[in-house]
Amino acid sequence: MSPNYFSDLNEQQRAAVMHTEGPLLILAGAGTGKTRVLTSRLAHIIDQKKAFPSNILAVTFTNKAAREMQVRIGNIIGSAIEGMNWLGTFHSIGAKLLRIHAEAANLKSDFTILDTDDQLKVIKEVIKILNIDEKRFPPRYFLSQIENWKNKGLPPEKVAKSEPDIIGHEKSVEVYSSYQKRLSRLNAADFGDLLLLPLKLLKENDGLLHKYQSIFSYTLVDEYQDTNSVQYLLLKLLSQRNLNIACVGDDDQSIYGWRGADVNNILNFEKDFSGAKIIRLEKNYRSTKNILGAARSLISNNKDRLGKELSSHREDAGDKVKIKSLYSAEDEARFVSDEIDTIISKNENLNNTAVLVRASFQMREFEDRFIINSIPYRVIGGPRFYERQEIRDVIAYLQLVVNPNHDLKFERVINTPRRGLGDTTLRKINDAARRDNISLYDISKKIIDTDELGASPRTQLKSFISMVDSWREKINKVDHITLTELILEDSGYVAMWENEKTPNSESRIENIKELIGQLSEFQSLAEFLDHVSLVMDVENDENTSKVNLMTLHSAKGLEFDYVFMPGMEEGVFPNQRSLDEKGNTGLEEERRLAHVGITRAKKYLFLSYAQNRRVYGNYTQSIPSRFLSEIAPEFIEEELIYDAYTQQYSSFSGKNNDQKNYTNGRTALERLQAIGHFDNLEYDDLTFNQDINISPNQRVFHTKFGYGTVTDCDNDRIEVEFKTGKKIVLASYLELVNND
DNA sequence: TCATTACTCCTTTTT
DNA sequence: GGAGTAATGA
């Protein structure tokens with residue numbers, strides 16, 4: 001009688017599943033069976049016929065989490081899962097609402113979703129029109145302002161006009177509102193709009209609000225600690241009526257503060273939803289005692305916590321956490337790949353192994369090494385398929401065909417491949433469009449019958465427009481795959497790559513073929529394009545054995561037997577900018593991120609750091625991350641470091657506390673030379689340009705100081721005037737620059 | 001119109 | 001060491 005989804009649950013988990021009515025907060029530490037509770041709970045509600053699948057709102061943070069939940073619930077409730085229309089990320093659910101009620105938000109239901117690139121382009125346009133100095137206020141600055149406001153649920157009209165403490169505030173407000181107008185004319189919405197506009201609709205329209213309040217009889221939210229204000233307000237509005245809202249979260253895993261996530265949402269849950277029940281899941285089923293101990297000791301350094309102690313359910317203490325110091329970042333990659341080789345030799349499936357990095361630029365080192373050692377790997381959330389140039393071009397063509405008024409895409413494809421419609425022509429078209437206040441496409445149609453353009457651009461433009469029109473005619477006549485192939489053929493886009501004989505033009509064509517292959521999974525172009533903008537990742541083949549390489553952020557929610565966390569260095573992790581901008585708050589978030597990383601590991605965890613790393617192309621010495629010394633020693637096994645220069649063994653903790661001793665006033669390269677350790681440097685760094693002929697007034701380039709002019713020479717000691725002042729440097733570090 | 005070159009500023013994390 | 005940009009030349 002008792003349904004089988006109860007069978008494996010512990011007491012707290014079971015309580016969380018059973019408590020269906022009224023607000024519920026589940027504080028679930030890492031590895032405490034959170035996903036199982038969520039899926040069982042949903043299955044329980046459906047199984048007990050408390051609600052139809054279509055009456056459940058289930059929100060996750062990533063598409064991957066949504067997919068996984070769908071599969072797991074499907075396994076319990078079978079085909080009834082088909083009815084779960086409202087399971088998805090906040091953004092996909094927002095998009096769905098917005099498409100249904102687009103008109104009310106001043107959009108058409110076939111609006112396109114902008115990516116960051118598009119957003120920046122729009123902002124640049126706006127900046128130009130408003131006559132703002134791009135040097136003083138870079139577009140990115142405005143973008144982050146706008147995003148902040150959107151995260152807080154503030155449309156332009158709700159943002160206070162003046163804010164004396166913040167320079168450029170008024171400008172930002174101005175840019176925001178122009179930006180928004182431009183978006184609506186483009187029939188486009190950005191990611192923030194997918195949440196902000198639905199919120200606005202629900203707030204301003206009682207009928208609509210009541211409708212959705214009664215549709216959603218149960219609401220369930222995953223990763224609640226990462227909700228920002230708009231998301232919180234949306235949830236609150238929608239669940240106000242029946243209050244059947246269950247949120248799952250872990251304050252120790254809150255790592256999206258920079259995206260507006262507000263931990264207070266979780267801290268204030270009891271206040272916001274009166275009578276809320278709180279259940280803690282503290283039994284960890286994932287990690288060994290040593291790994292868990294390491295995680296616990298690290299996170300205990302945070303002050304801002306709800307307080308929650310994870311206890312290990314596993315009997316074995318397991319191996320200690322290994323900490324390894326390496327000479328350079330290259331060495332570090334070699335170390336990781338050697339360790340992976342031994343994992344391979346144990347016949348383990350590599351899918352159980354992950355390399356987690358703080359920032360994506362760190363991935364390159366590992367990819368290079370993995371390729372050399374032929375270790376199979378997959379990058380999760382890295383440079384994505386849909387972000388490749390050729391894919392974006394093709395998608396731009398498709399979007400233009402679906403929505404010809406999409407000026408940004410129009411601009412992107414009008415001269416790709418080359419059609420003799422360059423900057424000058426484009427500027428003329430743009431000016432005319434602004435004058436008549438219509439889209440580039442519309443103005444082009446007019447202009448081709450006047451003599452505003454020269455003869456050649458005019459015929460070129462004419463044929464381009466008629467090409468687009470011919471595709472548009474076919475939208476409803478041929479299927480979307482045929483249409484895409486036709487577009488690629490007519491436009492000469494594929495031919496362009498075929499004619500280019502560079503090494504990667506072939507792989508570009510392969511990528512385009514892959515894209516066409518994916519089209520078959522969708523019913524229409526519009527459906528495909530929506531998928532592309534919302535779900536930026538391509539499904540990875542999970543059946544082949546590959547090492548997982550990803551950022552710590554995208555590792556949340558995953559688990560692996562073997563976890564490597566390289567780059568444990570001050571500045572890298574904790575990230576310097578995070579510290580600079582947010583001080584202690586930033587540090588605590590970095591620490592939570594480290595905690596997330598450590599708790600991904602089930603059996604083996606390797607932390608490592610490089611003593612020297614290239615930053616912006618220059619070798620820089622690094623200090624071991626403070627996080628290393630925050631982990632209680634009893635969980636750690638450290639390999640002492642032999643420093644060839646000081647000829648001493650030392651531990652990371654000593655270095656961390658006494659960096660002066662370590663820096664010693666020399667540059668990295670000088671130090672390398674002193675100890676004769678060259679093998680890890682690249683050839684270029686060691687090529688001494690002894691035969692170059694340097695004389696005063698010569699323009700030169702120095703890898704550290706940049707460009708400068710020679711003022712005096714004394715054999716190989718050269719005095720150079722750099723932007724930052726005069727310096728005497730060795731000739732071997734200089735590169736000649738033409739200066740006629 | 002397009003290709004090349006000199007130079008500046010970078011880089012956090014994602015839906 | 002790499003992307004983006006403004007200036008310059010063909």
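Owing to the predicted nature of the structure, the values given are computational and were not obtained by experimental measurement. Quick note on labels: first sequence line is chain A, next is B, and so on, each numbered from 1.
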Respond yes when some side-chain nitrogen or oxygen of A:Ser554 is under 4.0 Å from OP1 or OP2 of B:dT13, and no when none is. no
Rounding to the closest angstrom, what is the interatomic distance between C:dG4 and B:dT13 at atom C1'? 22 Å
To the nearest angstrom, the CD-C1' distance between A:Glu590 and B:dT12 comes to 8 Å
Rounded to whole angstrom units, what separation is found between the CZ atom of A:Phe573 and the C1' atom of B:dT13? 10 Å
From CD1 of A:Ile127 over to P of C:dT5, roughly how many Å is that when rounded to an integer? 12 Å
When all nucleic acid strands are considered with a 4.0 Å heavy-atom cut-off, which category describes A:Lys121: base, sugar-phosphate, or nothing? nothing
Figure out the CD/P separation between A:Gln460 and B:dT1, and round it to whole Å. 11 Å
Does B:dT15 have OP1 or OP2 sitting under 4.0 Å from an N or O in the side chain of A:Ser92? no
Rounded distance in Å - CZ (A:Arg427) to C1' (B:dT1): 12 Å
Qualifying salt bridge (Lys or Arg N to Asp or Glu O under 4.0 Å) pairs with a residue from residues 413-431 of chain A, counting only residues at least two apart or across chains: none
Side chains of A:Gln180 and A:Asp193, donor plus acceptor under 3.5 Å: yes
Contact under 4.0 Å: A:Thr425 side-chain N or O vs B:dT1 OP1/OP2: yes
Is there a side-chain contact between A:Thr551 and the phosphate of B:dT13, meaning an N or O under 4.0 Å from OP1 or OP2? no
Do A:Arg577 and B:dT12 have a side chain to base donor-acceptor pair shorter than 3.5 Å? no
Would you classify A:Glu581 as touching base, sugar-phosphate or nothing, given that sugar-phosphate means primed atoms plus P, OP1 and OP2, and contacts are heavy atoms under 4.0 Å? base
For a quick check, tell me whether the side chain of A:Arg259 and the base of B:dT13 share a donor-acceptor pair closer than 3.5 Å. no
Can you check whether A:Lys124 has a side-chain N or O nearer than 4.0 Å to OP1 or OP2 of C:dT5? yes
Any donor and acceptor pair, going by atom type alone, linking the side chain of A:Gln362 with main-chain N or O of A:Ala359 inside 3.5 Å? yes
Closest listed nucleotide, where the reference is the side chain of A:Ser578 and the choices are B:dT8, B:dT12, B:dT13: B:dT12
Ignoring backbone atoms, test whether A:Ser360 places a side-chain nitrogen or oxygen under 4.0 Å from the OP1 or OP2 oxygen of B:dT13. yes
Which part of the nucleic acid, if any, lies within contact of A:Asp423, taking any heavy atom under 4.0 Å across all strands shown: a base, the sugar-phosphate backbone alone, or nothing? nothing
With respect to the phosphate group of B:dC7, does any side-chain polar atom (N or O) of A:Arg699 fall under 4.0 Å of OP1 or OP2? yes
Checking B:dC7, B:dT12, B:dT15 against the side chain of A:Thr62 (C-beta onward), the nearest is B:dT15
Between atom CG in A:Leu534 and atom P in B:dT14, what is the gap in whole Å? 17 Å
Would A:Tyr256 pass as stacked on B:dT14, i.e. its ring centre under 5.5 Å from the base's six-membered ring centre and planes under 30° apart? no
A:Ala526 backbone acceptor or donor facing A:Asp530 side chain under 3.5 Å: no
Rounded to whole Å, please give me the gap between CD in A:Glu223 and P in B:dT15. 12 Å
Counting side-chain heavy atoms from C-beta on, which of B:dT12, B:dC7, B:dC2 comes nearest to A:Arg418? B:dC2
Distance alone, cut at 3.5 Å: any donor-acceptor contact between the side chains of A:Glu147 and A:Asn151? no
For A:Ala261, does its backbone N or O pair with a side-chain atom of A:Asp226 as donor and acceptor, under 3.5 Å? no
Go through B:dT1, B:dT15, B:dT8 for me and flag the one nearest to the A:Thr424 side chain. B:dT1
Residue met sooner reading DNA chain B from 5', once A:Asn415 and A:Thr89 are mapped to nucleotides: A:Asn415
Starting from P on B:dT12, measure out to CD on A:Glu147 and report it in whole angstrom. 13 Å
Closer to the 5' end of DNA chain B via nearest nucleotide, is it A:Glu589 or A:Leu421? A:Leu421
Does the side-chain hydrogen bond (donor to acceptor under 3.5 Å, both in side chains) test come out yes or no for A:Gln225 and A:Tyr256, once each step is laid out? CA-CA 9 Å; A:Gln225 76 281 357; A:Tyr256 283 97; over 6 Å; no
